[in-house]
Amino acid sequence: MGRAIPILVISVILVSLALVLLSTPVARAQGCDLNWWKSNYQNYKVAVANTTTGGGAGAKLNALYVYWDSTCLYLALDTNNTASWDVAYGFKIDVVPGGYNNTAPVSNRDSWGRYITYDSNKYGIDYEIYFYWSGASGITSANLDSWMNKTSYTNYYENWYYDNINVRGTYYDYSGDTTIGLQVLWVALPWSMFRLFDNGSQVGWLTPPKFFYIHAVLTGSGSDSNAVDSIPYDPQVVYQWVGITQTFYNLLPIPEHWAVGLATSLIVLAVFYTMFYRRSKR
Ligand SMILES: [Ca+2]
């Protein structure tokens, strides 16, 4: 029994180290690497859609994928679409204090005018990344929208700064076509594109975060539409094409990778220790 203790301790340390390494980003060149992301996104699935939500054959999300490093934010969505309809795909990000929610001056319309808002007790959306999917031609517009933090304005679009990111092959790419609709959407955006505003004036750029919340939506084609699907799913929301204001209470927290690795290692250590300690007590 005397020799078993150091062997067990060493084993636990090695397993923990392996877990930390496995959860640590693979070294890559600096900058956004869309091709790397297209080959690796499936390793970074963070949530799946509810099986019962969705707007039908051309409007069904499957899963959300998220990864980031010190220079780039990588996002991906895949779908269960079997038809190509006019819809929009959006990623909403809450990463700094303030932002868009149901206490904003125009509290019920997001950056693309969708009647989608957020519970102010929990969230303020700082960035929205939207893609328009034309049923007849694929992605026709793409925006990175930054909240401008104004205290008063009249129209929803006056409080967002719209960066055009419609450069396929650089900021995003997709699979799918005008028969089966969008299948996979990959996004790679440098953090240095994310603007920070104070009362309507840009004051700098977002620094790579330690933590953020994310929400993915699939909406109707018009600026007055609603979400028909989202990841994460929110049981408090009625999913439909148009006609209501939807308030979301359920966004997905995305922690830094090392934090996930460390937490996993500590749990494994605790389990091993408990098992061994109990056994040695017998
Ligand atoms: Ca915020």
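Atoms within a ligand are numbered from 1 in the order they appear, just like the ligands themselves. Along the sequence shown, residues are numbered consecutively beginning with 1. Computed from a predicted model, the values in this text were never measured in an experiment.
When OD1 of Asp94 and O of Gly124 are joined through the Ca ion (ligand 1), the resulting angle is 70° to the nearest 10°. Here the Ca ion (ligand 1) is the vertex; the O atom in Val96 and the OD2 atom in Asp126 give an angle of 80° (to 10°).
For the ring pair (Phe, Tyr, Trp, His ring centres under 6.0 Å) with Trp186, the qualifying choice from Tyr65, Tyr41, Tyr171, Tyr74 is Tyr41, the only one to do so. Of the residues listed (Trp68, Tyr123, Phe194), the one engaging Phe212 in a ring pair (Phe, Tyr, Trp, His ring centres under 6.0 Å) is Trp68, and it is the only one. Each of Trp160, Phe91, Tyr89, Trp112 was evaluated against Tyr130; a single residue qualifies, Trp112, per the ring pair (Phe, Tyr, Trp, His ring centres under 6.0 Å) test.
At a cut-off of 3.0 Å, Gly98 is counted among the residues with an N, O or S atom near the Ca ion (ligand 1). Under 3.0 Å from the Ca ion (ligand 1) lies no N/O/S atom of Val95, from backbone or side chain alike.
There is no side-chain donor-acceptor pair under 3.5 Å between Asn149 and Asn199.
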